[in-house]
Novice: 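First, the structure itself, so that you have it in front of you.
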Amino acid sequence: MILPRDFYFRPVQSVARDLLGKRLTHLISGQRVGGIIVEAEAYDGEQDLACHARVGKTERNKVMYSQGGHAYVYFTYGMHWMLNCVTGETGYPSAVLIRAIAPTDGLEFISVQRPNVQEKQLCNGPAKLTKALAITGELNGSDLCDPDGALFIEQGEAISDNNIRITPRIGIQTTPEPWLSKPWRFVATLS
DNA sequence: TCTTCGATTGTCT
DNA sequence: GACAATCGAAGAA
């Protein structure tokens with residue numbers, strides 16, 4: 001059961017929190033590869049100086065300005081892909097960075113993608129999970145609400161508030177306050 | 001266990 | 001020409 005587009009038409013912080021426990025799937029040659037989302041971060045518009053859209057609309061970040069429910073996939077550090085879910089109405093650049101999942105489907109595919117890696121470390125980072133699920137720039141702009149698409153997010157398990165940790169965002173060291181300390185990272189604690 | 005640092009390229013100024 | 005929403009290896013303690 002794929003999440004309806006309405007799910008993404010809410011404040012990006014709410015979407016980030018509620019994505020925890022949902023099921024991310026990449027369909028590869030008909031095979032389901034994916035897992036449960038356990039970590040996500042919110043990036044909220046041009047005023048958020050940690051958000052790519054802080055410099056306005058560019059060729060790179062234009063997908064963030066599209067309608068909620070689409071995938072924003074970008075390349076960074078010369079070697080890593082990152083996966084985001086666009087939120088909000090067309091024209092408002094906000095998105096949720098998917099930072100980690102607990103893999104449940106296509107484990108043999110994942111182990112080929114990430115050889116010699118302990119199970120717990122397979123998808124516990126934003127670049128790790130894109131590598132594990134073979135997500136690249138080809139999927140940039142994909143509609144996550146399309147049941148015939150290759151990449152989609154389905155209803156999963158509800159995560160209660162006392163199983164969620166909220167912290168500042170990671171990897172934005174050069175971002176000035178107050179954005180640096182915004183509690184916009186959501187982590188589902190296992191068990 | 002903790003900290004430092006190299007890899008590697010698309011994108012923006 | 002600078003640097004990035006990172007990772008993992010290597011070295012120190």
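Heavy-atom basis, side chains included; hydrogens, waters and symmetry copies ignored. Chain identifiers are assigned alphabetically (A, B, ...) following the order of the sequence lines, protein sequences preceding nucleic acid strands; residue numbering begins at 1 within each chain. Because the structure is predicted, anything quoted here is derived from the model rather than measured.
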Novice: Would you please confirm or rule out a distance under 4.0 Å between OP1 or OP2 of C:dG8 and any side-chain N or O of A:Arg114?
Specialist: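 Checking C:dG8 against A:Arg114, a side-chain N or O does come within under 4.0 Å of OP1 or OP2.
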Novice: Tell me what A:Ile172 touches on the nucleic acid: a base, only sugar-phosphate, or nothing, going by heavy atoms under 4.0 Å.
Specialist: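 Sugar-phosphate: the residue A:Ile172, judged by heavy atoms under 4.0 Å, touches backbone atoms but no base.
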Novice: Starting at atom NZ of A:Lys128, determine the distance to atom P of C:dT6, rounded to an integer number of angstrom.
Specialist: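 Computing the A:Lys128:NZ to C:dT6:P distance gives 12 Å.
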Novice: Mind checking if A:Glu59 touches a base, just sugar-phosphate, or nothing, with heavy atoms under 4.0 Å?
Specialist: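 Here A:Glu59 touches the backbone only, sparing every base.
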Novice: May I ask you to decide whether A:Arg32 forms a salt bridge with A:Glu154, counting only side-chain N to carboxylate O separations under 4.0 Å?
Specialist: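 A:Glu154 and A:Arg32: salt-bridged.
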Novice: Under 4.0 Å between any heavy atoms, over every strand shown, what does A:Arg99 touch: base, sugar-phosphate, or nothing? Just pick one.
Specialist: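 Counting heavy atoms under 4.0 Å across all strands, the contact made by A:Arg99 is with sugar-phosphate only.
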Novice: Mind checking who C:dA2 pairs with, Watson-Crick or G-U wobble, both distances under 3.5 Å?
Specialist: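 With both distances under 3.5 Å, C:dA2 matches B:dT11.
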Novice: Closer than 4.0 angstrom, basic N to acidic O: yes or no for A:Asp146 and A:Arg5?
Specialist: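 A:Arg5 and A:Asp146: not salt-bridged.
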Novice: Indicate whether the side chain of A:Tyr72 and that of A:His52 have a donor and an acceptor atom separated by less than 3.5 Å.
Specialist: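 Yes, side-chain donor-acceptor contact under 3.5 Å.
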Novice: Would you tell me if any nitrogen or oxygen in the side chain of A:Thr58 comes within less than 4.0 Å of OP1 or OP2 on B:dC12?
Specialist: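 Checking B:dC12 against A:Thr58, a side-chain N or O does come within under 4.0 Å of OP1 or OP2.
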Novice: Using a 4.0 Å heavy-atom cut-off, does A:Arg185 contact any base of the nucleic acid, only the sugar-phosphate backbone, or nothing at all?
Specialist: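 Nothing, no heavy atom under 4.0 Å.
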Novice: Under 4.0 Å, heavy atoms only, any strand: does A:Ala50 hit a base, just the sugar-phosphate, or nothing?
Specialist: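 Counting heavy atoms under 4.0 Å across all strands, the contact made by A:Ala50 includes a base.
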Novice: What about A:Tyr77, does its side chain sit under 3.5 Å from the base of C:dA5 through a donor-acceptor pair?
Specialist: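 Side chain to base: no pair present.
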Novice: Classify A:Met82 by what it touches in the nucleic acid, base, sugar-phosphate, or nothing, heavy-atom distance under 4.0 Å.
Specialist: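 Touches sugar-phosphate only.
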Novice: Looking at side-chain heavy atoms only, is the closest gap between A:Thr136 and A:Thr130 below 4.5 Å?
Specialist: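 Answer no - side chains too far apart.
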Novice: What is the distance, to the nearest angstrom, from the CD atom on A:Glu46 to the P atom on C:dA5?
Specialist: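 In whole Å, C:dA5 P and A:Glu46 CD are 16 Å from each other.
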